[in-house]
Amino acid sequence: MVPSTTEFDPVSSVYVNSIMMFLRSVTFAAIALCSVVALPTGIARAGTEVPITRIDFAGAGGDFTHRTGTFVVPDRDTTVSAYGGLLRRYDVHIAKMIEVTNAVWCAQSADYQGVYWNYEAESGDRFMGQFYISCTTACQIVQAYGRGRPERTAIYHRGEGPEITFIPVLNLQGDKVPRFLKFVQTLKPKCIDNLCPGDVMSER
């Protein structure tokens with residue numbers, strides 16, 4: 001006899017539950033592979049720091065799987081070389097957004113999906129665009145490029161803080177640099193709230 005769709009099938013129920021538990025364990029394993037632990041403040045610096053005015057996470061705003069972060073830098077020109085090589089300040093800023101997305105947001109829960117970054121130059125006066133970094137992308141980049149030494153990072157939450165953590169930087173050396181530059185070119189800055197990349201925020 002074929003059971004009706006309204007009948008409870010305990011065998012099917014156990015099978016479905018087993019599948020769901022397996023998928024969840026795989027998801028948590030992937031998060032563990034990408035996640036980092038906040039390191040004590042006494043650890044040595046990475047020597048890779050570039051000036052950052054502020055990194056600030058907003059509240060949930062009803063969306064508990066994403067966050068919006070503001071990434072503010074003092075630079076008037078983000079195209080200058082960061083360390084005397086091919087990497088520009090702009091590229092290092094994008095790398096930092098990925099590092100923070102992975103370590104500060106995505107590592108917390110398998111349900112979290114990504115961060116919308118509002119990128120601002122000239123200490124917040126010039127809007128550089130919004131970039132979405134998904135947890136999947138952040139994890140893939142961390143795995144692909146590997147981790148360098150921890151870098152001191154100050155994080156604000158809803159304007160409060162800062163919380164000081166040490167987050168490993170992406171290992172951008174050698175032939176990884178041109179690969180990362182190509183990846184950065186695939187990230188297209190978006191307009192938000194009538195602000196578009198290059199707009200002076202004080203004029204809005």
Side-chain angles (χ1 to χ4, degrees), residues 31-60 66-76 78 80-85 87-109 112-124 126-173 176-177 180-181 183-184 187 189:
I31 287 177
L33 186 63
C34 286
S35 64
V36 295
V37 177
L39 300 171
T41 56
I43 196 164
R45 295 189 176 192
T48 53
E49 294 94 338
V50 296
I52 296 174
T53 304
R54 192 179 186 92
I55 300 174
D56 198 342
F57 279 98
H66 295 86
R67 276 294 183 273
T68 296
T70 303
F71 193 97
V72 186
V73 298
D75 305 71
R76 294 182 62 86
T78 59
V80 299
S81 174
Y83 312 117
L87 285 171
R88 305 163 298 171
R89 290 279 182 94
Y90 183 93
D91 305 312
V92 175
H93 296 158
I94 295 294
K96 190 67 175 179
M97 293 179 205
I98 293 169
E99 295 156 9
V100 174
T101 297
N102 181 68
V104 176
W105 179 243
C106 300
Q108 295 185 44
S109 171
Y112 292 168
Q113 297 180 22
V115 175
Y116 292 94
W117 286 105
N118 295 329
Y119 181 24
E120 302 172 6
E122 299 182 28
S123 296
R126 187 169 299 277
F127 184 66
M128 299 292 288
Q130 184 181 82
F131 295 85
Y132 176 62
I133 307 294
S134 72
C135 290
T136 298
T137 296
C139 180
Q140 289 173 342
I141 293 296
V142 168
Q143 289 180 321
Y145 292 89
R147 298 185 177 108
R149 294 180 64 190
E151 182 177 87
R152 183 183 187 276
T153 306
I155 307 289
Y156 290 81
H157 296 273
R158 302 177 186 176
E160 297 182 359
E163 172 189 349
I164 305 298
T165 60
F166 283 76
I167 300 173
V169 299
L170 293 176
N171 187 21
L172 300 177
Q173 300 185 56
K176 294 179 181 179
V177 171
F180 186 73
L181 297 180
F183 166 74
V184 170
L187 300 176

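Both backbone and side-chain heavy atoms feed into the values below; hydrogens, waters and symmetry mates do not.
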- Can you check whether T70's main-chain N or O pairs, donor with acceptor, with D56's side chain at less than 3.5 Å? no
- Query: What pair of heavy atoms forms the shortest contact from P51 to P74, and how long is it?
  - Reply: O-CD, 3.5 Å
- Message: Less than 4.5 Å apart, side chain to side chain, heavy atoms only: is that true for V169 and V92?
- Response: no
- Query: So, does E99 use its side chain to make a donor-acceptor pair with the main chain of L170 at under 3.5 Å?
  - Reply: yes
- Item | Test item: V50 and H93 side chains (from C-beta on) under 4.5 Å apart, heavy atoms | yes
- Message: Within the 4.5 Å heavy-atom criterion, are I98 and F183 side-chain neighbours or not?
- Response: yes
- A121 and T78: which non-hydrogen atoms are nearest, and at how many Å? CB-CG2, 4.3 Å
- Query: Hey, are the side chains of Y132 and T137 touching, using non-hydrogen atoms and a 4.5 Å cut-off?
  - Reply: no
- To the nearest 0.5 angstrom, please state how far the CZ atom of R89 sits from the OH atom of Y83. 8.5 Å
- Note on the structure: Result for side chain to side chain contact (heavy atoms under 4.5 Å, CB included) between T101 and one of Y116, W117, Y112 points to W117
- Message: Ignoring hydrogens, what is the shortest heavy-atom contact between Q113 and H66? Give both atom names and the distance.
- Response: OE1-CE1, 3.3 Å
- Item | Option passing side chain to side chain contact (heavy atoms under 4.5 Å, CB included) with S123 (candidates D75, T53, V73) | T53
- Message: Working to the nearest 0.5 angstrom, can you tell me the gap between T68 OG1 and F57 CZ?
- Response: 9.5 Å
- Note: I164 and A154 closest approach over all heavy atoms is CD1-CB, 3.6 Å
- Message: Using only atom types and a distance under 3.5 Å, with no angle test, would you say the side chain of W105 pairs donor to acceptor with the backbone of V100?
- Response: no
- Would a 4.5 Å heavy-atom cut-off, applied to side chains only, mark I155 and H157 as touching? yes
- Task: Write down the atom of E49, the atom of E151, and the distance for their closest heavy-atom approach.
- Result: N-OE2, 3.3 Å
- Message: Using the rule given for side-chain contact (heavy atoms from CB on, under 4.5 Å), can you reason through I133 versus L187, listing the C-alpha separation, both sets of side-chain angles and the distance that settles it, and then say yes or no?
- Response: CA-CA 9 Å; I133 307 294; L187 300 176; 4.3 Å; yes
- Could you state the interatomic distance from CD1 (I94) to CG (L87), rounded to the nearest 0.5 Å? 12.0 Å
- Message: Would you compute the distance between atom CD of Q143 and atom CD1 of I141 and round it to the nearest 0.5 angstrom?
- Response: 10.0 Å
- Check for a donor-acceptor pair, side chain of R147 on one end and backbone N or O of I167 on the other, with a separation under 3.5 Å. no
- Message: Before you tell me yes or no, could you show the steps for C139 and C106 under disulfide bond (SG atoms under 2.5 Å apart), namely the whole-Å CA-CA distance, both residues' side-chain angles and the distance that decides it to 0.1 Å?
- Response: CA-CA 9 Å; C139 180; C106 300; over 6 Å; no
- Message: Please report the interatomic distance CZ(F166) to OG1(T153), rounded to the nearest 0.5 Å.
- Response: 8.0 Å
- Closest approach of P189 to M128 (non-hydrogen atoms, all atoms of both residues): CB-O, 3.5 Å
